[in-house]
K.L.:
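Attaching a single structure in structure tokens format; questions to follow.
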Amino acid sequence: MVNVATLFEVVVTGIGLGAVYALVAIGFSLIYKVTGVLNFAQGQLALLGAYLVVVLTTPLLIAVELPAAAAIVVTLIFGLLLGVVLERVIFRHFIGEPVLSVIIVTLALGGIITGGVRFLIGPQYRAYPDALRPDWSLPLPFGVDLSASFTLGVVLSLVVVIALMLFFRYTVIGSILRAGASDQQAAMVLGISIERTILLSWALSIAITSIGGLLFAMSAGGAGFTIEAVGILIFAAVVFGGLDSIPGAFLGSLVVGLIQQLGAYYAEPVIGAGVGQVLPMVFLLVVILVKPYGLFGTERIERL
């Protein structure tokens with residue numbers, strides 16, 4: 001007999017975890033929607049955002065210790081600037097190149113980020129300051145409390161999804177981004193600067209991903225290299241929702257978080273440890289077999 005209160009707690013925790021995943025997944029989906037790039041360094045970029053907060057709030061590498069709020073703002077600005085730098089220095093040169101070449105570049109970027117963080121900070125888990133480990137929670141029915149980090153994840157991911165949907169639909173820049181994403185050559189003929197649209201998408205993507213990494217670290221009390229594993233779970237989420245669908249990335253992340261928590265609580269005691277991490281991958285395989293373009297992804301049909 002399943003305990004309703006326990007099931008509700010597992011479901012709520014899974015949704016909260018999925019909402020944190022959603023911020024990283026939205027960044028992934030935004031890049032693919034505008035540029036067609038599958039960024040397999042997404043997990044490492046989230047890791048970088050999480051560890052940057054450690055650097056800014058502790059005397060680990062620099063003598064200045066910023067307040068938590070200032071560190072979050074700096075992390076967001078750093079994500080925007082890093083997106084600009086990566087697009088200008090690296091990815092601009094791969095416009096029109098084979099997909100495999102770009103994928104290899106993103107894998108190399110992920111390795112560079114991981115190696116750089118390990119070299120500068122070390123492989124150890126780094127605790128966040130008390131200000132980034134809030135002890136409040138959101139009370140829910142059945143005596144269940146949703147932690148602060150997961151509550152913030154739900155709120156922020158909803159805000160980001162709605163803001164991006166409104167941005168793409170009702171703003172001039174958003175319309176330009178949609179035009180560039182639909183047909184880059186036609187957009188260039190109409191005088192649209194494809195380089196600027198790609199630059200903006202990279203900047204927004206990495207900024208959103210950095211905040212996702214920060215919230216994921218907050219849920220664990222600090223930054224650790226386990227954040228890297230988020231990357232493959234994010235891929236499962238965006239494939240389910242549709243690679244180029246931002247609402248789909250949000251929904252897919254919630255589903256992945258839910259499957260992971262249900263598997264961890266109900267399947268691991270029966271089957272063994274690690275099943276919670278495996279089930280989203282099984283889910284990904286089933287989705288690809290049944291619906292290759294995801295729930296909301298754009299189907300691309302090529303005729304010979």
Side-chain angles (χ1 to χ4, degrees), residues 3-29 43 46-47 49-54 56-57 67-76 79 125-166 207-224 226-227 229-230 233-234 237-238 241 246-265 276 280:
N3 185 288
V4 176
T6 302
L7 176 60
F8 182 72
E9 182 178 8
V10 173
V11 169
V12 166
T13 304
I15 291 174
L17 178 62
V20 174
Y21 288 162
L23 289 168
V24 185
I26 290 167
F28 186 106
S29 183
L47 175 78
Y51 271 98
L52 179 60
V53 175
V54 175
L56 295 172
T57 57
I72 293 173
V73 172
V74 172
T75 299
L76 183 62
Y125 168 87
R126 301 289 181 177
Y128 273 4
D130 291 339
L132 289 174
R133 290 186 291 176
D135 56 1
W136 60 269
S137 58
L138 178 66
L140 297 171
F142 299 105
V144 175
D145 293 322
L146 186 62
S147 67
S149 57
F150 287 167
T151 302
L152 291 172
V154 171
V155 173
L156 288 178
S157 59
L158 281 172
V159 168
V160 169
V161 168
I162 294 171
L164 286 176
M165 291 176 66
L166 294 174
I208 295 169
T209 300
S210 298
I211 298 303
L214 164 63
L215 285 176
F216 190 79
M218 282 177 62
S219 68
T226 54
I227 298 175
V230 171
L233 294 173
I234 293 309
V238 295
I246 290 173
F250 173 74
L251 178 60
S253 298
L254 297 185
V255 172
V256 165
L258 187 57
I259 291 175
Q260 184 179 348
Q261 285 301 111
L262 289 172
Y265 191 85

K.L.:
So F216 and L17, side chain to side chain contact (heavy atoms under 4.5 Å, CB included) or not? Walk me through it.
P.N.:
CA-CA 8 Å; F216 190 79; L17 178 62; 3.9 Å; yes
K.L.:
Out of curiosity, I211 CD1 to S157 OG, how far, rounded to the nearest 0.5 Å?
P.N.:
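Reported to 0.5 Å precision, the distance equals 13.0 Å.
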K.L.:
Out of curiosity, L52 CG to T75 OG1, how far, rounded to the nearest 0.5 Å?
P.N.:
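With rounding to 0.5 Å, CG (L52) is 4.0 Å from OG1 (T75).
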K.L.:
Could you tell me whether the side chain of Y128 reaches within less than 4.5 Å of the side chain of L214, counting heavy atoms only?
P.N.:
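Yes. Closest side-chain heavy atoms under 4.5 Å.
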K.L.:
Please walk me through it: do F8 and L140 pass side chain to side chain contact (heavy atoms under 4.5 Å, CB included)?
P.N.:
CA-CA 10 Å; F8 182 72; L140 297 171; 4.1 Å; yes
K.L.:
So I72 and L76, do their side chains get closer than 4.5 Å, heavy atoms only?
P.N.:
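When only atoms from C-beta onward are counted, I72 and L76 do not touch, as no gap falls below 4.5 Å.
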K.L.:
Can you check whether L138 reaches D145 side chain to side chain, under 4.5 Å on heavy atoms?
P.N.:
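Side-chain contact under 4.5 Å: no.
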K.L.:
Side-chain contact test, heavy atoms from C-beta onward, threshold under 4.5 Å: evaluate it for L254 versus L258 and give yes or no.
P.N.:
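No, their side chains stay 4.5 Å or more apart.
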K.L.:
Regarding E9 and Y265, is there a side-chain donor-to-acceptor distance under 3.5 Å anywhere?
P.N.:
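Distance-only check fails for E9 and Y265.
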K.L.:
Stepwise, does the side chain to side chain contact (heavy atoms under 4.5 Å, CB included) test hold for L164 with I208?
P.N.:
CA-CA 11 Å; L164 286 176; I208 295 169; 4.2 Å; yes
K.L.:
Got M218 and L152 here, is their nearest side-chain heavy-atom distance under 4.5 Å?
P.N.:
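They are in side-chain contact.
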K.L.:
How close do I227 and A50 get, heavy atom to heavy atom, and via which atoms?
P.N.:
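Taking every non-hydrogen atom into account, CD1-CB, 3.5 Å.
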K.L.:
Might you point out which heavy atoms bring A71 and T57 nearest each other, and give the distance in Å?
P.N.:
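Closest pair (atom of A71, atom of T57, distance): CB-CG2, 3.5 Å.
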K.L.:
Got V256 and S253 here, is their nearest side-chain heavy-atom distance under 4.5 Å?
P.N.:
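Not touching, per the 4.5 Å side-chain cut-off.
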K.L.:
Under a 3.5 Å distance rule, please check whether Y21 uses its side chain to pair with a backbone N or O of G16 as donor and acceptor.
P.N.:
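A pair under 3.5 Å: no.
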K.L.:
Side chains of T6 and F142, heavy atoms from C-beta outward: is any pair under 4.5 Å?
P.N.:
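No, their side chains stay 4.5 Å or more apart.
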K.L.:
So how far is it from L262 CG to I259 CD1, rounded to the nearest 0.5 Å?
P.N.:
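CD1 of I259 is found 8.0 Å from CG of L262.
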K.L.:
Evaluate the side-chain proximity of T151 to W136: yes if any heavy-atom separation is below 4.5 Å, no if none is.
P.N.:
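Yes, their side chains come closer than 4.5 Å.
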K.L.:
Determine, step by step, whether F150 and L215 satisfy the side chain to side chain contact (heavy atoms under 4.5 Å, CB included) criterion, reporting the C-alpha distance in whole Å, the side-chain angles of both residues, the deciding distance to 0.1 Å, and the verdict.
P.N.:
CA-CA 8 Å; F150 287 167; L215 285 176; over 6 Å; no
K.L.:
Measure across A25 and V238 and return the closest heavy-atom pair with its distance rounded to 0.1 Å.
P.N.:
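Nearest heavy atoms, A25 then V238: O-CG1, 3.6 Å.
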